[in-house]
Amino acid sequence: MLILGIETACDDTAAAVVEDGDAILSNEVWTQDYIHRRFGGVVPELAARRQAEVLNTVISEALRIAGTTFEHLDAVAVNCRHGLLRSIMVGVSAAKALAYCLSVPLIGIHHIEGHIYSNVLAHRNVEFPHICLTVAGGHTLIIHVLGPGQYRILGKTLDDSAGEVLDKVARYLGLGFPGGRAIDQLASQGDASAFNFPRPLLQQATLDFSFSGIKESARREIESHNSRGLRVDLNNFAASFQQAILDVLIAKALSAASMTGCSTITLAGGVSANTGLRKQLVERGSEQGCTVLFPPLSLCGDNGAMVACLAYFKLKAGHRSPLDIDALASAPLEQEVWRRA
Ligand code: KG4
Ligand code: ZN
């Protein structure tokens, strides 16, 4: 069964063809970093415009690389919940038109559920229930994945997401946008104990996060260096700042696993590409008897393959989305019922 997955949540235009839920025949992701870099963050209007400009080409490329054509598709899947509304609308409109013209089922998916399924796609038989720590520019969540279509949010950020804070502090340091990867690279050469950053909510029982305090503390430290005409040691600063974020993420994910009795933790979302996070979560997870899984780099950020994989399982469970499905900027994941047509 061939499914075309379309993902236009924010500033990545992505389309993929996946066969039978696990064979990735193509996975095209066109980024817009070069457009938003000069503004230091994603400009929603520009993001949506560029989505509209390139989506047809991205879909054509996904089909060409997969060695297939529209006529061979069995379903069209799209993220219709969670992201920048006008960006999502571009993908949803295209998916509706294709499903209608090709007379194949339309499968709408929730963006976060797509990220959860990036690990199902990468590892095939991920155990349920498990804990998914999903960390990106748009969200930071700890999810109890009870089974397909059954989710309980155990923790979320009360302010900024971890990816947002990495990007903002990277900008203060003049590292460009998005800066998570640059921080990751610098951190690998630095001393994480060189600077002292807070670990908000670390000692408290809650599984919620708060990252804005770490960001403010980083901003003040940079300003204090600048005002004294001193240069920040980038490697040490990045290592210390990143470690403050990782300590909280890892501690809360491990607490969630022990509170729920889960022995599998999955990592998903753009920040799951972080080398330190992957390594330390595996190490600390194994001390607690937990298996930690993460996707390959090609499936960490927004991509169409995770959309097509999730759609395969929804389709097999009898789910179909109506052609008048809405595009929503946010929707509760817990209500993501796999409805039958
Ligand atoms: O999932 P994603 O592509 O888009 C959202 O849904 O937000 O995630 C993008 C985020 C950005 O904040 C980016 O800086 C971060 O993922 N990121 C990283 C790394 N690669 C991307 N953060 C830390 N380390 C990385 N290697
Ligand atoms: Zn995402």
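Just so you know, ligand 1 is whichever comes first in the structure, and atom 1 is the first atom listed for that ligand. In this text, all values refer to a predicted model and were calculated from it rather than measured experimentally.
Atom CZ of Arg86 has 12 or fewer heavy atoms from other residues, nucleotides or ligands within 6.0 Å. Other residues, nucleotides and ligands contribute more than 12 heavy atoms inside 6.0 Å of the CZ atom of Phe128.
The backbone N or O of Asp12 lies less than 3.5 Å from a partner atom in the side chain of Gln51, making a donor-acceptor pair. For Asp184 (side chain) and Thr275 (main-chain N/O), a donor-acceptor pair under 3.5 Å exists by modelled atom type.
Side chains of Val104 and Asp74 form no contact here, defined as non-hydrogen atoms less than 4.5 Å apart.
For ligand 1, the atoms lying closer than 4.0 Å to a non-hydrogen atom of Gly163 are 12 (O). With ligand atoms numbered from 1 in the order given, ligand 1 contributes 6 (O) to contacts under 4.0 Å with heavy atoms of His111. Close contacts of ligand 1 with Asp184, meaning ligand atoms under 4.0 Å from a residue heavy atom, involve 24 (N), 25 (C), 26 (N). Near Pro178, the atoms of ligand 1 lying under 4.0 angstrom from a non-hydrogen atom of the residue are 14 (O). Here is the list of ligand 1 atoms found below 4.0 Å of a heavy atom in Asn274: 23 (C), 24 (N), 25 (C), 26 (N). Each of the atoms 22 (N), 23 (C) of ligand 1 lies under 4.0 Å from some heavy atom of Leu166. Heavy-atom contacts of Ala273 reach the following atoms of ligand 1: 20 (N), 26 (N) (cutoff under 4.0 Å). Those atoms of ligand 1 that come under 4.0 Å of a heavy atom in Gly301, given as number and element, are 1 (O), 3 (O).
The protein non-hydrogen atom at the shortest distance from atom 5 (C) of ligand 1 is Ala136 CB, 3.6 Å. In this structure, atom 2 (P) of ligand 1 lies nearest to the protein heavy atom Asp302 OD1, 3.6 Å. In terms of protein heavy-atom proximity, atom 22 (N) of ligand 1 is nearest to Gly180 CA, 3.5 Å. At the shortest separation from atom 21 (C) of ligand 1 among protein heavy atoms lies Gly270 O, 3.5 Å.
Side chains of Glu113 and His82: no donor on one and acceptor on the other come within 3.5 Å. Side-chain atoms of Glu71 and Thr69 form a donor-acceptor pair, as typed in the model, at a separation below 3.5 Å. Between the side chains of Ser210 and Asp159, at least one donor N or O sits under 3.5 Å from an acceptor N or O. No side-chain donor-acceptor contact under 3.5 Å links Gln150 and Glu334.
Draw a line from the Zn ion (ligand 2) to NE2 of His115 and another to OD1 of Asp302, and the angle between them is 90° (to 10°).
Here's the thing with Gly137: one of its N/O atoms is less than 3.5 angstrom from an N/O atom of ligand 1. Among the atoms of Glu164, none of the N or O lies under 3.5 angstrom from an N or O of ligand 1. Residue Asp167 places at least one N or O, backbone or side chain, under 3.5 Å from an N or O of ligand 1. For ligand 1, none of its N or O atoms has an N or O atom of Cys300 under 3.5 Å away.
Ring-plane geometry between His139 and His115 is classed as tilted, the angle between the planes lying from 30 to 60 degrees on a 0 to 90 degree scale.
Under the 6.0 Å cut-off for aromatic ring centres, Tyr117 and Tyr312 do not qualify, their centroids lying 6.0 Å or more apart.
Heavy-atom distances between Gln185 and ligand 1 stay at or above 4.0 Å for every pair.
Minimum interatomic distance between Phe197 and Ser217 (heavy atoms only, all atoms of both residues): CD2-OG, 3.3 Å.
When distances to the Zn ion (ligand 2) are checked against a cut-off of 2.8 Å, Cys10 contributes no N, O or S atom below that limit.
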